[in-house]
*Asks:* 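Take this structure, written in structure tokens, and hold onto it; I'll ask about it next.
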Amino acid sequence: MTGGRYLGVDLGSTTAKAVVVDGAGKILSSSVVTMGAVSRAGMQRAIDQALGEAGLTESDLQGTVSTGYGRRLVPGAGRTYTEITCHARGTAEMVPGVRLVIDVGGQDSKAITVGDDGLVRDFAMNDRCASGTGRFYEVLARAVDVPIEGLGDLALRGSDELEVSSMCATFAETEIVSMLAEDQDVADIASSVHRAIAARTLALVAQVGRYTPVVLTGGVARNPAAVHFLSRALDAEVTVPAHPQITGAFGAALLARDGDRGRPVATDVRGADEMFPRPRGHAHDGHDCSGCDGTLGPGTVDLGTVIPAWR
Amino acid sequence: MPESVALQRLREAARDPRAYVAGWRAHHPGRRVVGVMPMNFPREIALAAGVLPVYIQDDQRPVAEGRAYLPEFYCGYTRNLADQAATGRLDHFDALLLADHCIQLLGASDVARAVGDRSVFFGMLISSLSDSWAEKKIAEMMGQFRGEFEKLSGAPIGDEALTRAIEAYNADRELLRRVFDERAAGDTTWSPVELQDMVVSAQVMDPIEHRDLLVEALAAAPRGERDDRVRVHLSGHLCHAPRRELLEVIEETGAVVVDDDLWSGRRYVQSLVPFTPGEDPMSAIGRWYAERNVDLPCPTRVQHDVDWDAWLIDATRRSGAEVVVHLMPKFCEPHMLFYPELRKALDAAGIPQLLVETEHEGIPLEALRTRLEALVERALRHRPAYA
Ligand code: SF4
């Protein structure tokens with residue numbers, strides 16, 4: 001095994017991800033912890049699990065880079081990078097030749113164009129509402145009373161011809177409720193909402209340009225209907241890496257390995273504490289981490305494995 | 001080094017124009033104060049009449065009653081003006097004035113006329129500056145402004161008074177412009193918020209008083225050398241100052257603002273009235289208006305041989321800016337109209353850019369921080385050292 005151990009931590013709005021790589025950039029371990037809401041305890045669990053699986057402690061690490069919404073809160077991170085840079089870096093490594101990365105996270109979505117050199121060319125983010133994000137799918141799952149894991153399969157069974165006029169997470173919920181009241185088929189509702197969300201993502205992509213190959217990352221990439229409707233909207237094959245949730249953390253770990261000059265971690269920047277209140281006297285600050293084993297499974301991840309998701 | 005008292009006074013005037021006007025009135029009993037809407041009225045005419053012309057600022061308070069008058073698709077500045085008018089926050093002015101600017105601002109001036117009891121003067125300055133009749137129309141309108149201020153002050157405006165007013169504003173603008181030039185050249189380390197306070201206070205204060213304070217503030221300032229942070233040009237934000245926290249976040253991301261074309265920045269300081277002693281001051285004022293667009297193109301004016309995009313590319317070359325951040329107020333039609341051209345030109349020149357649509361109500365700072373940091377990272381990782 002190549003020398004050096006590097007940690008990448010992606011602290012998102014609903015999940016914390018950690019990846020350990022060796023000096024050759026090979027993934028040694030990874031973890032994904034669902035937090036429910038941003039939590040320092042959840043983040044620490046993700047780090048501990050990834051380190052534990054790799055048989056390491058923090059003192060074994062040669063470098064740590066953090067990314068994600070809570071990147072400034074990761075202990076021990078010498079440098080931070082934005083999710084945009086890290087997703088591009090991680091995805092370009094997992095899927096060489098990628099030109100467009102669409103990352104749909106819990107609370108935002110991004111379209112990132114990547115150059116021949118694997119560097120970010122341009123990007124766009126939805127920054128004002130939950131439309132088209134993981135949160136939106138959660139709203140849909142709750143409204144149609146289906147577990148989130150089953151939402152994609154349900155949507156793939158339905159017809160997508162119902163009119164969904166509101167893409168606001170709040171108003172869409174009431175619209176779905178009224179469709180249910182009209183006795184519309186649940187699968188048709190799920191399918192139609194997926195189509196509408198894909199159209200919304202297309203608008204985001206339009207800001208940076210439609211390039212191929214396209215890779216979808218983030219938790220939503222595990223939803224087959226989301227992939228299907230996005231492929232259809234883009235009229236292009238959409239590839240999903242084997243572990244789409246860890247591309248950001250993987251990119252961060254690679255940047256730590258590259259010894260690149262990121263931004264020194266500064267936790268005193270305005271807003272940090274309001275966003276991520278420090279736990280008051282709790283080892284675990286009350287967020288529910290139950291129901292998630294927090295890992296993608298032990299061992300290394302085969303970067304060659306990508307799931308062709310064209311349906 | 002402790003901040004100079006002069007700088008503090010400039011900041012106070014910029015952030016609380018109402019208090020400044022009250023203080024000015026106390027020292028100048030019987031004199032009038034006119035609230036001026038941006039960006040085209042030559043304040044020299046008002047000053048020559050003994051009137052203090054104050055550019056009306058967005059006071060950043062939430063739009064409440066103003067919502068009844070202007071819909072959400074008006075820009076935040078105009079909605080804020082409507083709110084100021086509807087709630088008596090323009091009462092410290094004796095009159096209001098708008099020299100042709102944009103249709104949304106015209107709407108705000110109509111609201112001020114409808115809800116207030118002070119007179120509102122609208123002067124239709126020709127916006128199409130390439131037309132053969134432009135010079136004549138400009139001269140006519142400038143003459144009308146002069147007549148209106150003679151009526152307001154009750155006395156004729158002499159050429160000597162006009163000359164003194166031109167000299168006062170020119171001297172103040174020239175000094176401000178020097179600060180901007182020094183920043184673009186990398187010789188000074190004023191933060192964008194400090195510079196904004198300097199310019200906004202100039203838009204509010206008596207120019208002689210402002211310049212005296214500015215001289216003092218600059219003398220007390222440490223000079224700094226440019227470091228290797230990513231150099232940013234800020235573009236847009238017609239025609240009011242962006243929120244300060246937005247400017248602060250930009251530099252918190254590890255970037256340094258080296259130049260801009262903001263109304264609360266270089267756009268205000270760029271053009272001096274081209275007056276030569278002995279000439280007719282009114283014709284010099286007319287030329288100031290006609291040529292302002294050449295010095296720094298404005299999307300509210302029409303001139304065939306002038307391009308904002310070409311100016312922007314040249315400006316980035318002069319200052320060494322590596323990225324451009326567009327600050328576009330929602331829903332500023334003039335800026336929206338020009339933005340595609342700006343974007344295309346910067347893309348062609350290989351200059352990374354980021355569009356930030358600003359809102360009167362504020363924008364989510366954390367999401368903005370991520371976008372700005374990504375832009376900075378992109379610029380850093382494309383520097384030759386990374387190749
Ligand atoms: S130019 Fe733009 S910002 Fe200024 S008043 Fe018009 S719409 Fe508003």
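All values derive from a computational prediction rather than experimental measurement. Here is the naming used below: chain letters follow the sequence lines, and residue numbers restart at 1 for every chain.
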*Asks:* Suppose we screen for ring-ring contact (aromatic ring centres under 6.0 Å, His included). Which residues come up paired with B:Tyr69, at least two apart in sequence or across chains?
*Replies:*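 Partners of B:Tyr69 under the ring-ring contact (aromatic ring centres under 6.0 Å, His included) test: none.
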*Asks:* Between A:Asp122 and B:Arg343, is a salt bridge (charged side-chain N to carboxylate O under 4.0 Å, His left out) present by the stated rule, with each step listed?
*Replies:* CA-CA 12 Å; A:Asp122 202 357; B:Arg343 186 180 171 97; 2.9 Å; yes
*Asks:* So what's closer than 4.5 Å to chain A heavy atoms on B:Leu354: side chain, backbone, both or neither?
*Replies:*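 Side chain only.
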*Asks:* Can you tell me how far apart CD (B:Glu366) and CZ (A:Arg72) are? Round to the nearest 0.5 Å.
*Replies:*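 If we round to the nearest 0.5 Å, B:Glu366:CD and A:Arg72:CZ are 4.5 Å apart.
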*Asks:* Please report the closest heavy-atom contact between B:Glu377 and A:Tyr81, naming both atoms and the distance.
*Replies:*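 Reported closest heavy-atom pair: OE2-CA, 3.2 Å.
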*Asks:* Is there a side-chain contact between B:Arg378 and A:Leu119 in this structure, where contact means two heavy atoms from C-beta onward sitting under 4.5 Å apart?
*Replies:*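 No, side chains not in contact.
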*Asks:* Side chains of B:Glu373 and A:Thr85: closer than 4.5 Å at any heavy-atom pair?
*Replies:*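 No, side chains not in contact.
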*Asks:* Please, which pairs that meet side chain to side chain donor-acceptor pair (under 3.5 Å) have at least one residue in residues 205-214 of chain A, sequence neighbours excluded?
*Replies:*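 For residues 205-214 of chain A, and leaving out neighbouring residues, there are no side chain to side chain donor-acceptor pair (under 3.5 Å) pairs at all.
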*Asks:* If you count heavy atoms of other groups shown closer than 6.0 angstrom to CZ of B:Arg15, is the number above 12?
*Replies:*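 For B:Arg15, atom CZ is crowded (more than 12 foreign heavy atoms under 6.0 Å).
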*Asks:* Can you tell me how far CG of B:Leu368 sits from CE of A:Met125, rounded to the nearest 0.5 angstrom?
*Replies:*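 Atom-to-atom, A:Met125:CE and B:Leu368:CG are 9.5 Å apart.
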*Asks:* Examine the side chains of B:Arg369 and A:Thr82 and answer whether a donor and an acceptor come within less than 3.5 Å of each other.
*Replies:*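 Their side chains do not contain a donor-acceptor pair, so the 3.5 Å distance test is not met.
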*Asks:* If you count every heavy atom of other residues, nucleotides or ligands that lies below 6.0 Å from B:Arg226 atom CZ, does the total exceed 12?
*Replies:*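 Counting neighbours around CZ of B:Arg226, more than 12 heavy atoms of other residues, nucleotides or ligands fall under 6.0 Å, so yes.
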*Asks:* Find the distance between OG1 (B:Thr370) and CD (A:Glu83) and round it off to the nearest 0.5 Å.
*Replies:*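 Rounded to the nearest 0.5 Å, the OG1-CD separation comes out at 4.5 Å.
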*Asks:* Are the side chains of B:Arg371 and A:Lys110 in touch, meaning some heavy atoms are under 4.5 Å apart?
*Replies:*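 Side-chain contact under 4.5 Å: no.
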